[in-house]
Every structure is written in C-alpha cells, then in structure tokens.
Amino acid sequence: MKGMVFTQLIEMADTMLGPDQVEAIIAKADLPSGGAYTAVGNYPHSEAVTLVGAFSEASGVPVPALLEGFGEHMLRFFHSNYPAFFSTCPDAFTFLESVETYVHVEVKKLYPDAELPRFSTYRMGPGRLRFDYYSSRHLENLAAGLIKGTLKLYNEYAVVTHDSIEGEHGPCVRFLIDKTTSSIQPSA
Ligand code: HEM
C-alpha cells in the first residue's frame, strides 16, 4: 500500500487523538517497517489494518466509521494535491465515473506499484449512479467515504447505500448513489 495512505492515516489520527498518543500507539504496534513512512514508499497492507484497528480502539470509533472518515479525509487530500483531476469534471458523478477510466489510470503511471481497485459504473437515470467496487482488499467503507467526500466537494446531496453482490466481473460491492435536492434526507 502506498506510503501516502499511511502518512495521511497518521495525520488524521493526530487530529483525532493527538500526536503523543499516536506516537505511543505506533511504538506499541511493533510494525515491521518501524512505523516510519514516506509518501513515495510502499508498505504492507497488513500494517494499515493494524494501525486502523489500534486507532479505532484508542478513539472508540468503530473500524467501519473510522475508514469512512478516512475516505473523506483522503478525498480532501487528493483534491489539494491533484486538483487537475477535479477541475475537468463539472459534477460529482462525472468525477466518480472518471476514477476508473482516467484518475487511477494516471495514478498507475505515476506509481506502477500501486494496488488499485476496479470500478464499473452505470447511470441508471439523471440522478442515480450505480458504482460497483471490485477489490480483494475489501475497503468498501473507505470507498464510501471517498464517494461522500466527492459529493461534499461538489456541494451535492445524495443518499449512498451499498450491498455485497455478484457483479458482472465477480463478487463486488455495489453502491447506489441517489441525488437529493437538499441535505434533508428522505425518511426510510
Ligand atoms: C484524485 C483522486 C484520486 C487519486 C489521486 C487516487 C489515488 C489512489 C492511490 C494512490 C491509492 C493507493 C494505492 C496503493 O495503496 O497501492 C488509491 C487507492 C484506492 N482508491 Fe483511489 N484515488 C482517487 C480517487 C478515488 C475515488 C473517488 C475513489 C472512490 C471510491 C477511490 C477509491 C480507492 C480505493 C477504495 C482504494 C484502496 C485500494 C482498494 O480498495 O483496493 N479513489 N487511490
């Protein structure tokens, strides 16, 4: 997993828990890399799992919610560091559709060792996007946060749901993104 994921995870944890506690957690986790990450390095996925578990325990935030929050954090980081990917897309759906066909393609050119998920998207109507996520790493909560972060960035409102299903290319997590006109969500 790319070092930028680790440096950003630690940055978010610093805000949640304070740098001293984060340092103590990293020292206690006894990580193979020693817990010193550089943005351009590549580190085992298992270290990210260990850190997320430890930050969850220390903060009391359950792992799925922590991963979703991290997705929103990462989206803001991507927007600050790769603005060109966003400036060419007028709305959230166009940007989300471009991740598979353009953004991750460019990411792979920049970082050939990146391990990226696959997506298959389909517009079911003007306000409804189907977004299928394929990855052996099962980071659907991270994906949910990245999707919700994208909607916030574009000042758009939507109800986002997801389910594990058998997709066109095997098992996947299917997101349905339903645009609403305001932040007031329809009641169930
Ligand atoms: C400018 C925007 C984006 C950039 C630059 C970007 C780049 C990256 C990078 C560098 C990684 C790490 C790969 C590795 O650790 O080896 C990654 C992973 C990932 N990206 Fe993106 N990404 C962007 C937007 C998105 C969006 C909008 C989604 C929406 C779902 C997304 C979903 C994911 C997921 C879920 C992973 C984790 C790997 C996995 O699930 O298998 N990304 N991306």
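Just follow the structure's listing: the first ligand is 1, and inside any ligand the first atom is 1. All values below were derived from every heavy atom in this structure, side-chain atoms included, with hydrogens, water molecules and symmetry-related copies excluded. Only a predicted model underlies this, so the values are computations on that prediction, with no experimental measurement involved.
Note on ring orientation: taking the six-membered ring where Trp is involved, the planes of Phe131 and Phe175 are perpendicular (angle over 60°, cut-offs 30° and 60°).
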Inset, instruction - Would you check, one step at a time, whether the test side chain to side chain contact (heavy atoms under 4.5 Å, CB included) holds for Asp132 with Phe119? - result: CA-CA 5 Å; Asp132 290 349; Phe119 301 111; over 6 Å; no
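Partners of Ser33 according to the side-chain contact (heavy atoms from CB on, under 4.5 Å) rule, which considers only residues two or more places apart in sequence or in another chain, are Leu31, Tyr37, Tyr43, Glu47. Residues satisfying the salt bridge (Lys or Arg N to Asp or Glu O under 4.0 Å) test with Arg76, not counting sequence neighbours, are none.
Residue pairs that meet the ring-ring contact (aromatic ring centres under 6.0 Å, His included) test with at least one member in residues 58-84, sequence neighbours left out, are His79-Phe86, Tyr82-Phe85.
Residues Leu176 and His162 form no side-chain contact, since every pair of their non-hydrogen atoms from C-beta on lies 4.5 Å or further apart. With contacts defined as side-chain heavy-atom distances shorter than 4.5 Å, the pair Ile25/Leu17 qualifies.
Near Tyr133, with a cut-off below 4.0 Å to any heavy atom, the atoms of ligand 1 are 35 (C), 39 (C), 40 (O). Near Phe131, meaning under 4.0 Å from any of its heavy atoms, are these atoms of ligand 1: 30 (C). Within ligand 1, the atoms closer than 4.0 Å to a non-hydrogen atom of Phe86 are 1 (C), numbered from 1 in the order shown. For ligand 1 and Phe95, the ligand atoms under 4.0 Å from any heavy atom of the residue are 2 (C), 27 (C). Within ligand 1, the atoms closer than 4.0 Å to a non-hydrogen atom of Ala114 are 13 (C), 16 (O), numbered from 1 in the order shown.
The existence of a salt bridge linking Arg128 and Asp178 is confirmed by a sub-4.0 Å separation between a basic side-chain nitrogen and an acidic carboxylate oxygen. Using a 4.0 Å cut-off between charged side-chain N and carboxylate O, Glu115 and Lys2 make no salt bridge. Here Glu72 does not pair with Lys148 in a salt bridge; the nearest charged N to carboxylate O distance is not below 4.0 Å.
Taking any N or O of Lys2, backbone or side chain, at least one lies under 3.5 Å from an N or O belonging to ligand 1.
Residue contacts with ligand 1, taken as heavy atom pairs separated by less than 4.0 Å, do not involve Tyr111 at all. Residue Arg137 touches ligand 1 through its side chain alone, judged by heavy-atom distances below 4.0 Å. At a heavy-atom cutoff of 4.0 Å, ligand 1 is contacted by the side chain of Ser135 but not by its backbone.
When the options Glu140, Glu115, Met1, His79 are ranked by their closest heavy atom to atom 16 (O) of ligand 1, first place goes to Glu115.
Closest protein heavy atom to atom 1 (C) of ligand 1: Phe85 CD1, 3.5 Å.
Tyr133 places a side-chain N or O within donor-acceptor distance of the main-chain N or O of Leu139, the cut-off being under 3.5 Å.
Distances under 2.8 Å from atom 21 (Fe) of ligand 1 pick out the protein N/O/S atoms His104 NE2.
Taken from CG in Leu51 to CZ in Phe6, the straight-line distance is 6.5 Å, to the nearest 0.5 Å.
Using a non-hydrogen distance threshold of 4.0 Å, Phe119 registers as a contact of ligand 1.
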